[in-house]
Peer 1: 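Provided herewith is a single structure, encoded as structure tokens, for subsequent inquiry.
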Amino acid sequence: MSGVSNVKPLKGDPAPGMVEKKGSSLWLTHVLMLIGIFFVFFPIWLAFVASTVTQEAIVTPPMPLMPGDHFFENYKRALFSGVNIPVTTMLINSLIMALGIAFGKIVISLLSAFAIVYFRFPGKSLFFWIIFITLMLPVEVRIVPTYEVVAGFGMLNSYSGLIFPLIASATATFLFRQFFMTIPDELAEAARVDGARPMRFFIDIVVPMSRTNIAALFVILFIYGWNQYLWPLLITTEPDMNTIVMGIKQMFPSGDDTADWPVIMATSILAMIPPVIVVVSMQKLFISGLVDSEK
Amino acid sequence: MAQVHLENVKKRFGSTQVIHGVSVDIEDGEFIVIVGPSGCGKSTLLRMVGGLESVSEGEVRINNVRVNEKEPMDRDIAMVFQNYALYPHMSVRQNMAYSLKIAKLSKDEIEVKVAEAARMLQLEDYLDRKPKELSGGQRQRVAMGRAIVRKPSVFLFDEPLSNLDAKLRVQMRLEIKELQAKLGITSLYVTHDQVEAMTMADRMIVMNAGFAEQVGTPLDVYEQPQTLFAAQFIGSPSMNILTAQLNGGHATLTNGAVLPVDSALDVAVRVGIRPEHLITDPDGPLHFTVSLAEPLGANTLLHGKLQGSDDAFTANLPGIHRFDAGTETLRFSIDPDNIHLFDAQGGNRLN
């Protein structure tokens with residue numbers, strides 16, 4: 001009995017639970033992966049190359065494939081003068097909007113999920129279903145009435161106009177509801193016996209227990225906010241309120257003027273950096289938030 | 001410390017009644033065990049005392065104050081849950097200090113009280129650990145610590161040992177009992193384990209289907225079970241129940257055997273005989289065929305049937321016996337004092 005269980009796996013045997021790692025299949029998977037990376041990465045590489053060369057180099061064929069020596073010059077021009085306004089302004093606008101949306105969504109959905117899971121009130125399931133149904137309505141569907149409302153409040157060209165219409169999240173509410181329902185009832189009861197009133201229980205127990213979920217949602221929602229295009233395009237008419245994702249589009253001249261490609265490409269690269277930083281720095285929390293069920 | 005009074009307490013969930021009027025007066029410092037099979041309403045009863053379940057009818061009084069409408073925190077109780085319900089993101093120290101923090105005690109006071117509780121429960125080395133880094137028994141202790149730091153008037157235990165392994169359960173059983181005796185805090189303890197009930201209780205409440213079948217000391221319940229249910233639930237292996245007819249000091253069993261009894265009644269009854277009260281006697285009235293023997297060392301459990309009867313019958317003989325299953329026949333007699341008689345219809349005790 002023990003003799004059998006003590007036999008070590010032979011060299012080259014697959015590790016338990018893994019796909020076999022040897023010979024042609026190893027090469028095949030790596031080649032496929034490299035091809036995939038090439039396809040995804042190539043446009044980004046081209047954008048980067050274009051942001052480091054002169055306008056002439058871009059418009060004269062063949063297109064350059066290796067970086068030029070105008071990196072600092074192009075990025076400086078983009079950051080501090082830009083086409084319509086400096087990219088720095090757009091980055092700050094985007095950052096405020098993305099953070100506002102991410103934090104706002106998390107706070108609101110935590111609170112509404114808490115209400116739905118832990119309180120008995122008339123129309124509880126009705127409210128839940130109303131929230132749930134809004135999952136099916138993307139921003140674009142309700143954009144005209146929302147615009148009317150925001151314009152009526154005089155919130156055009158303002159951060160509140162950028163943030164508030166996007167701040168309620170059925171998805172996040174639903175996710176938190178699902179998570180809260182896995183918290184054992186006894187924990188709420190123990191807190192009640194310990195003397196915690198509902199909001200105290202919420203702040204001391206529920207929120208700290210949800211921290212990995214909050215981190216995961218923060219990443220998703222930050223990127224959602226950062227990538228908003230249509231809504232900022234509608235309600236910001238003044239260049240100094242432009243966000244970067246829509247700002248790139250605004251950099252293309254109308255009519256016969258030539259586009260300032262190096263600056264536009266530098267802006268594109270700059271627009272990618274903050275989401276990448278958020279994802280990379282929160283990767284660990286993000287994954288454990290989606291995978292773990294720590295209780 | 002406090003007295004607890006339950007007065008005709010009832011509980012309904014919608015139209016289903018789960019507690020049918022329980023009345024009990026609990027003295028200061030008493031250890032009361034509520035015991036019964038699952039679904040008998042014992043946890044519900046405890047939660048009603050704790051304020052986690054509303055009381056549909058009747059009155060719960062703690063220290064002679066009606067608490068029906070009070071929140072758990074205003075009842076001066078502490079509760080230990082079956083799954084411990086420790087806050088997973090807090091250290092042991094924070095878990096124990098949480099209720100004191102809410103009560104707005106000063107940092108120094110909290111420190112002193114937590115240290116004292118930790119010392120009593122031998123948790124001093126674990127104060128900075130998270131619950132998930134503790135073993136089941138240690139978690140159980142933390143849950144106890146969380147309850148005792150506040151010095152409540154009443155402890156409520158909801159099956160606190162059922163998640164532990166058998167050996168640890170025996171040890172924790174003693175520890176809880178000792179701690180309770182030392183602190184002298186009135187306690188209500190819910191369990192489905194009749195050994196826990198027998199060993200820990202000052203008095204026990206035997207519950208069945210929402211009724212309190214019997215309230216009394218463990219030995220009272222063992223020696224004088226008031227109902228058929230209490231008789232069968234308390235005691236291990238459980239009591240043998242036989243159908244019989246009483247006539248002038250004798251009980252005639254359905255298989256024809258005649259037992260002398262201490263009763264002059266003339267009715268149909270159920271006769272209860274504890275397996276450990278059977279005496280091997282070559283002239284005894286009970287003929288018993290062994291089908292299975294369980295040697296436990298100190299005693300031997302014999303399972304089988306009485307001659308002329310199809311009901312399972314168990315005997316518990318002291319010492320080691322070796323039997324051949326199916327062939328061996330034994331004869332038992334029994335002291336009339338050890339025979340329990342119950343009404344054949346209602347199941348109430350007759351002698």
Side-chain angles (χ1 to χ4, degrees), chain A residues 106-107 110 113-115 117-122 124-125 175-176 178-218 282 284-295, chain B residues 43 46-54 67 70-91 94-105 110 130-133 139 142-150 152-160 163:
Chain A
I106 285 172
V107 169
L110 269 173
F114 182 63
V117 174
Y118 284 99
F119 291 89
R120 247 170 280 153
F121 53 90
K124 174 172 153 163
S125 62
L175 281 176
F176 281 129
Q178 295 309 99
F179 173 68
F180 291 172
M181 293 199 322
T182 67
I183 297 179
D185 289 344
E186 282 85 356
L187 227 49
E189 287 169 354
R192 250 176 100 189
V193 173
D194 272 348
R197 310 257 163 207
M199 281 320 284
R200 182 103 203 216
F201 170 66
F202 177 68
I203 292 165
D204 285 350
I205 316 282
V206 173
V207 172
M209 282 183 73
S210 323
R211 65 191 184 284
T212 50
N213 296 52
I214 291 174
L217 266 175
F218 178 81
M282 299 187 78
K284 239 185 181 164
L285 275 172
F286 177 69
I287 291 170
S288 66
L290 294 183
V291 178
D292 275 14
S293 54
E294 185 196 348
K295 257 160 266 137
Chain B
S43 280
L46 187 82
R47 293 161 59 83
M48 277 156 62
V49 178
L52 297 171
E53 253 359 302
S54 63
V67 295
K70 285 193 178 174
E71 276 289 300
M73 61 192 95
D74 304 323
R75 296 186 180 201
D76 200 12
I77 53 144
M79 191 155 172
V80 178
F81 295 88
Q82 177 175 0
N83 62 2
Y84 321 132
L86 302 176
Y87 311 124
H89 59 290
M90 294 188 192
S91 68
Q94 287 168 320
N95 261 293
M96 300 211 303
Y98 188 59
S99 64
L100 303 175
K101 210 172 106 191
I102 291 175
K104 295 206 170 67
L105 267 67
I110 294 178
K130 292 274 170 68
K132 69 171 171 210
E133 297 160 344
R139 286 182 208 188
V142 178
M144 295 275 303
R146 195 167 62 175
I148 64 176
V149 280
R150 273 195 300 161
S153 305
V154 184
F155 273 149
L156 304 176
F157 298 90
D158 192 358
E159 308 210 20
N163 283 6

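Side-chain atoms are counted along with the backbone in the values below, which use heavy atoms only and exclude waters and symmetry mates. Each chain gets a letter, A, B and so on, in the order the sequences are listed, and its residues count up from 1.
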Peer 1: Applying side-chain contact (heavy atoms from CB on, under 4.5 Å), name anything that partners B:Ser99, two or more places apart in sequence or on another chain.
Peer 2: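 side-chain contact (heavy atoms from CB on, under 4.5 Å) list for B:Ser99, sorted by chain: A:Asp194, B:Val149, B:Arg150.
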
Peer 1: As an exercise, state the distance from OG1 of A:Thr182 to CE of A:Met209, rounded to the nearest 0.5 Å.
Peer 2: 7.0 Å

Peer 1: Which answer fits B:Leu156, side chain, backbone, both or neither, if we ask what part of it has an atom under 4.5 Å from a heavy atom of chain A?
Peer 2: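 When you check distances to chain A, no heavy atom of B:Leu156 falls under 4.5 Å.
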
Peer 1: So for B:Arg47, is it side chain, backbone, both, or neither that comes closer than 4.5 Å to the heavy atoms of chain A?
Peer 2: side chain

Peer 1: In terms of heavy-atom contacts, does CG of A:Asp185 have more than 12 from other residues, nucleotides or ligands at under 6.0 Å?
Peer 2: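 Open: at most 12 neighbouring heavy atoms sit under 6.0 Å from CG of A:Asp185.
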
Peer 1: In terms of heavy-atom proximity below 4.5 Å to chain A, should B:Glu71 be classed as side chain, backbone, both, or neither?
Peer 2: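 Side chain of B:Glu71 only, per the 4.5 Å heavy-atom cut-off to chain A.
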
Peer 1: My understanding is that only residues two or more places apart in sequence, or in another chain, count here; which of them pass side-chain contact (heavy atoms from CB on, under 4.5 Å) with B:Gln94?
Peer 2: B:Met90, B:Ser91

Peer 1: Given heavy-atom pairs under 4.5 angstrom as the criterion, report whether the side chain, backbone, both or neither of A:Ala188 touches chain B.
Peer 2: neither

